A.B. asks: 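One structure is given below, represented as structure tokens, and several questions about it will come after.
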Amino acid sequence: MSEANGTPGIDAAGLRERLPQKPEAPQKAESVETAQDAVRALNDQEAKQDKDEKEKKTFGRTPDGTVFTVPHTEDMVSQLFDPTQPKNASDIAIVTVLLYLAALFYFLPQRFRVPIFAVIFLFWRTCYNAGIGWLLHNQSHHKRLVAWAKKSGIFEKPDTGKNPHPFLYKFLKQELEAKIPKDYKFEDAPIEYNTWLVFRRVVDLILMSDFTSYCLFAIACGGRPANENTLMTIARWVGGLLLVAFNLWVKLDAHRVVKDFAWYWGDFFYLIDQDLTFDGVFELAPHPMYSVGYAGYYGISMMAASYKVLFISIIAHAAQMTFLAWVESPHIERTYNAPPPPKRVNEVPEQARRPQSKSRQNSGHVDGYTPLAPKSQPSPVHNLIGVQNIDLHRITDVSVILLQMLMYTVAILTPSTWAWQTFFVLSATVWRLWYSIGIGYILDRQSNKKKWTRHFVKYGESTEEAWRQWKGIYHLSMAMCYTSFICAAWKMYGLPDDWTVGMAILRHVLGFALIALQIWTIASIYETLGEFGWFFGDFFFDKAPGQKLNYSGIYRFLNNPERTIGLAGVWGAAIITWSKTIFLLALLSHSLTLCFIQFVERPHMQKLYRMNLREQSGVSKSLQRSLPSPIQKWTGSVDKVLDESLDIVEDFMDAARPRLAAGFNHFVADSKLLFKQFPARLSITRLSPDLAGYDPQDYSIEIDTSSENVSYSDAAYSGREGEDGQMPQKHQDSFRRLAVNYGAPIKIKWTAPLNHSKKDWIGLFMVGDNASREVTKVSSQGRWVATNPSIWDYAHADDGILIADQKVSHTERTDGKMQDFMSGEMEFAGDKLWWTQGIFEFRYHHDGKYCVMAISLPFEIRINRFDEDDVELDANGIVQSAVEQALLPVVQNCFDRDPDVAPRTADEQFGPTLEREGKFAKRVVYAVQQMFGIEFAPEVVQADGNVKHLAWRICNAKKVLAPYSMSRSRGATTPT
């Protein structure tokens, strides 16, 4: 395969000029940013031209900055079954497999069809979600498919001598060029694009076989239930056909928007920079091809009238959503939602900078300590919602857990008599009334009079305290509302006597599906709104100037998810129990929620955001566009009448509120160990045959001690030793204990014989993890670097290589023998380090296996304890400036010294990557605990935002803990 034309990189203007003239010849840009700008400009230029969609050219770029023309390709069905499209051997192979499946179905005895085709479908579904998912995961993280293509040389021209398979090269060239007659030359196309073309043929085989085997399984299971009347049969088939038609529209409309590039996961291989309008089905549901795009499966289940088809459809759909969560979504997040680079101090206007600790110290707070958040927004630390945020030191969490345990225990242990059923139904009703009306009244008074906040201010407390107390009462009310409803449903539920009679199975399947829908809706709402929006934060804190509503996440599709699918679970419980009482309770819950939205939430949002409120959601737009014109006008009239009626009700409530008030006295979800990245473990023996001819004395590893982060130290004494143990150690050689600062990069030098294997690698291990010095028997967990570049398929194998295979002549071995060696240098940093204190060593391994050829001297990774006795107090009697100086280099190490995240000064804000990469904050809080003896939650690092605020928090925390310190210190202000 030839390289992109032009060895030196070309600027954006040159790319825009050359590519349209020779669309089949890729061009190498001078940088990745130049390639991105050029591709976007070229695609924008093509979009403005008045051409047929197939005539418009599309331009893409590879990860190394090669810009090329992306030829037009046909969709899966057209290229297989459209007689006008050119055919090749892979088409014949795919159609042959499909015909084989059909023939197998025809010739199999009827009693064998169901089990055999169930197995066949599950096989192809596993190939789809597990097989393709594994390939895409490796391509996304390690570019492994492209690496395999490069290693095999199948896309290299045979006359270069780099392709050991000339027949395969000729076959692939004929196959691919037959499908793409325009703007494509096999030998000139980037290797990423050719790899993608081969990959999509594998995808065609798997997807077509998957769907065909599913349809044949449904036919094998299909039939008309006994005693089913004609009207039900017609309704079942009409409903099924409508769902299949809707499924077909979803797939076609999604393909119209994303085209073959995204349909076949093209962005795992190369990128196309252009502006797409995600309209149509993409306004109807998130990830429509995987969510509503499976409606046809349930339509086929209806037509087949088979629970077997329904259950296997649910399995397939669940597998597809798992594929989305584990493969596609992480890749999309990394590729398209990368955080912007941080704004440096000199780039941020003075008035936009975050207040410093001095201004914070002047504001009031309980016990004389400053609040942890600005006035416009509460502190995001110590969240309430989610199992991971449960804190048994917090009264709210303890109360919720105890009350839930009490309710569930009573519900399970008591009999389902009329009295107990009445008790739990009344309990659920009371909690629902309080959750909707009581909480609604508090929020209404807070919105109009700031009554809740005023109550706490009256007693000298802060808005933050009012916010914390509100979160607690709301969280408790919500938890008990749903807990009491679950207990009531449990009391009203009875197992069916016969699951095969009536719709018992269907009721349970539909009910659990609605419950799952509500759980997903709640999780999506919380993911979009965060803790601030979940607890109605804009009722308590002022809106920032110019702040607008952001309709992202689930709110892109629905203005108020709670109005519709937000209570799907209560209806699911009603369907499962099939109880009139639970149906009435579900109706009450839904009605009160609608009233809460209409009379509490909506007026506040209108007051706060006014014209920024969106009238129609994405789903409403899509549905309205699909309706005929007369119906659209009729729905508009109905909406107008409903709005006017609600306005009348609101006016009545406003007029009646004083009179009603005069009659009263006073009025909480996700779940892995990352796959360990290390060279593949192979079976080895202590005397491996491939070690013949290799002398371990020819290998060595030496740690570079020239860095300021590497130092020598003697053993520390605790005072707990005996008299002899406290005497200074006597050294008989020049060796001293080697210590490396926590998180600092470690540079090493290695030597090996001239004939050493190119697949050698060096790993970092904790001393004591391996009993053997000859064989490593634990995985490296990604903490390894290859000695030679471009050998391993693992994407990060080359990260850290500084010098590889540099010949050193006539060097003395440890035994005094002179010999020529190969040497190299590498640096371990970031995820290739251990982020804990301890004693470690480097091990040199032979030929991609675990045979140890050399081990470095052991060294210690440590965090120096902050010694307050060696620093001077400032005017306020604290050591904040010294804490900042000590903390800054540690924080920089914890952030991998990444310029997009790590601060350069104590005042500089942390980069936005901190929010996405939780490991950075965890490293910092561990270091703070070891340095200062103060334990923080990782969220504190994100909330403080820079080293200066974090140092201030450390000093104040030490003030608070001073009375409880048992150590000697310079006064109560800075205990250790």
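No experiment lies behind these values; they were computed from the predicted model shown.
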A.B. asks: From Asn770 CG over to Thr776 OG1, what is the distance, rounded to the nearest 0.5 angstrom?
C.D. replies: 5.0 Å
A.B. asks: Taking the six-membered ring for Trp, are the ring centroids of Phe765 and His845 within less than 6.0 Å of each other?
C.D. replies: yes
A.B. asks: Assess whether a salt bridge exists between Lys919 and Asp831, defined as any Lys/Arg side-chain N lying under 4.0 Å from an Asp/Glu carboxylate O.
C.D. replies: yes
A.B. asks: Looking only at heavy atoms, which two atoms of Val775 and Arg843 are closest? And how far apart?
C.D. replies: O-NH1, 3.9 Å
A.B. asks: Between Lys922 and Glu939, is there a salt bridge with N-O shorter than 4.0 Å?
C.D. replies: no
A.B. asks: Could you check whether the rings of Tyr794 and Trp784 sit parallel, tilted or perpendicular, using 30° and 60° as the cut-offs?
C.D. replies: parallel
A.B. asks: Can you tell me if CD on Glu935 sees more than 12 non-hydrogen neighbours from other groups inside 6.0 Å?
C.D. replies: no
A.B. asks: Would the distance check show the side chain of Arg783 and the main-chain N or O of Lys832 forming a donor-acceptor pair, the cut-off being under 3.5 Å?
C.D. replies: no
A.B. asks: Does the side chain of Tyr128 pick up a donor-acceptor pair with the side chain of Gln320 at under 3.5 Å?
C.D. replies: yes
A.B. asks: Over 60° means perpendicular and under 30° means parallel, so classify the ring planes of Phe268 and His331, tilted if in between.
C.D. replies: parallel
A.B. asks: Would you tell me whether Thr751 and Ser823 have side-chain atoms, one donor and one acceptor, within less than 3.5 Å of each other?
C.D. replies: no
A.B. asks: How far apart are the C-alpha atoms of Ser772 and Glu774, what are their side-chain angles, what is the distance that settles it, and do they pass the side-chain hydrogen bond (donor to acceptor under 3.5 Å, both in side chains) test?
C.D. replies: CA-CA 5 Å; Ser772 171; Glu774 291 82 22; 3.3 Å; yes
A.B. asks: Taking only distance into account, with no hydrogens and no angle test, what donor-acceptor pairs under 3.5 Å do side-chain atoms of residues 885-892 form with protein atoms, sequence neighbours excluded?
C.D. replies:
residue: Gln892; atom: NE2; partner: Pro903; partner atom: O; Å: 2.9

A.B. asks: Please determine whether side-chain hydrogen bond (donor to acceptor under 3.5 Å, both in side chains) holds for the pair Asp267 and Tyr336, giving the CA-CA distance in whole Å, both sets of side-chain angles, and the decisive distance to 0.1 Å.
C.D. replies: CA-CA 10 Å; Asp267 54 6; Tyr336 298 105; 2.9 Å; yes
A.B. asks: Should the heavy atoms of other residues, nucleotides or ligands under 6.0 Å from CD of Glu527 be counted, would the total exceed 12?
C.D. replies: no
A.B. asks: Taking Asn755's backbone N and O only, do any of them form a donor-acceptor pair with Tyr694's side chain (distance below 3.5 Å, no angle check)?
C.D. replies: yes
A.B. asks: Got a second to check how far Asn864's CG is from Phe866's CZ, nearest 0.5 Å?
C.D. replies: 12.0 Å
A.B. asks: Rounded at 0.5 Å granularity, tell me how far CZ in Phe155 sits from CD1 in Ile191.
C.D. replies: 6.5 Å
A.B. asks: Assign the ring pair His756 / Tyr844 to parallel, tilted or perpendicular, where the plane angle (0 to 90°) is split at 30° and 60°.
C.D. replies: perpendicular
A.B. asks: Looking only at the side chains, is there a donor atom on one of Asp64 and Thr62 sitting less than 3.5 Å from an acceptor on the other?
C.D. replies: yes
A.B. asks: May I ask you to decide whether Asp805 forms a salt bridge with Lys758, counting only side-chain N to carboxylate O separations under 4.0 Å?
C.D. replies: yes
A.B. asks: Looking at every heavy atom in both Trp750 and Ile803, which two are closest together, and how far apart are they?
C.D. replies: NE1-O, 4.4 Å
A.B. asks: Donor-acceptor check, side chain of Trp835 to backbone of Gly830, threshold 3.5 angstrom: yes or no?
C.D. replies: yes
A.B. asks: Any chance you could measure Asp704, atom CG, to Asn709, atom CG, to the nearest 0.5 Å?
C.D. replies: 11.5 Å
A.B. asks: Answer yes or no: does atom NZ of Lys143 have more than 12 heavy-atom neighbours from other residues, nucleotides or ligands under 6.0 Å?
C.D. replies: yes
A.B. asks: Between Phe840 and Phe859, how do the two ring planes meet: parallel, tilted or perpendicular, split at 30° and 60°?
C.D. replies: tilted
A.B. asks: Does this structure show an ion pair linking Asp944 with Arg953, if we count only N-O contacts that are shorter than 4.0 Å?
C.D. replies: yes
A.B. asks: Could you measure the distance from the CD1 atom of Ile861 to the CD1 atom of Ile839? Nearest 0.5 Å is fine.
C.D. replies: 9.0 Å
A.B. asks: Only counting residues at least two apart or in another chain, list the ones meeting side chain to side chain contact (heavy atoms under 4.5 Å, CB included) with Ser790.
C.D. replies: Asp798
A.B. asks: Tell me which pairs pass salt bridge (Lys or Arg N to Asp or Glu O under 4.0 Å) where either residue lies in residues 124-141, with sequence neighbours left out.
C.D. replies: Arg125-Asp210
A.B. asks: Less than 6.0 angstrom separating the ring centers of Tyr270 and Tyr193, yes or no?
C.D. replies: yes
A.B. asks: Would you confirm whether Ser213, through its side chain, and Ser209, through its main-chain N or O, come within 3.5 Å as a donor-acceptor pair?
C.D. replies: yes
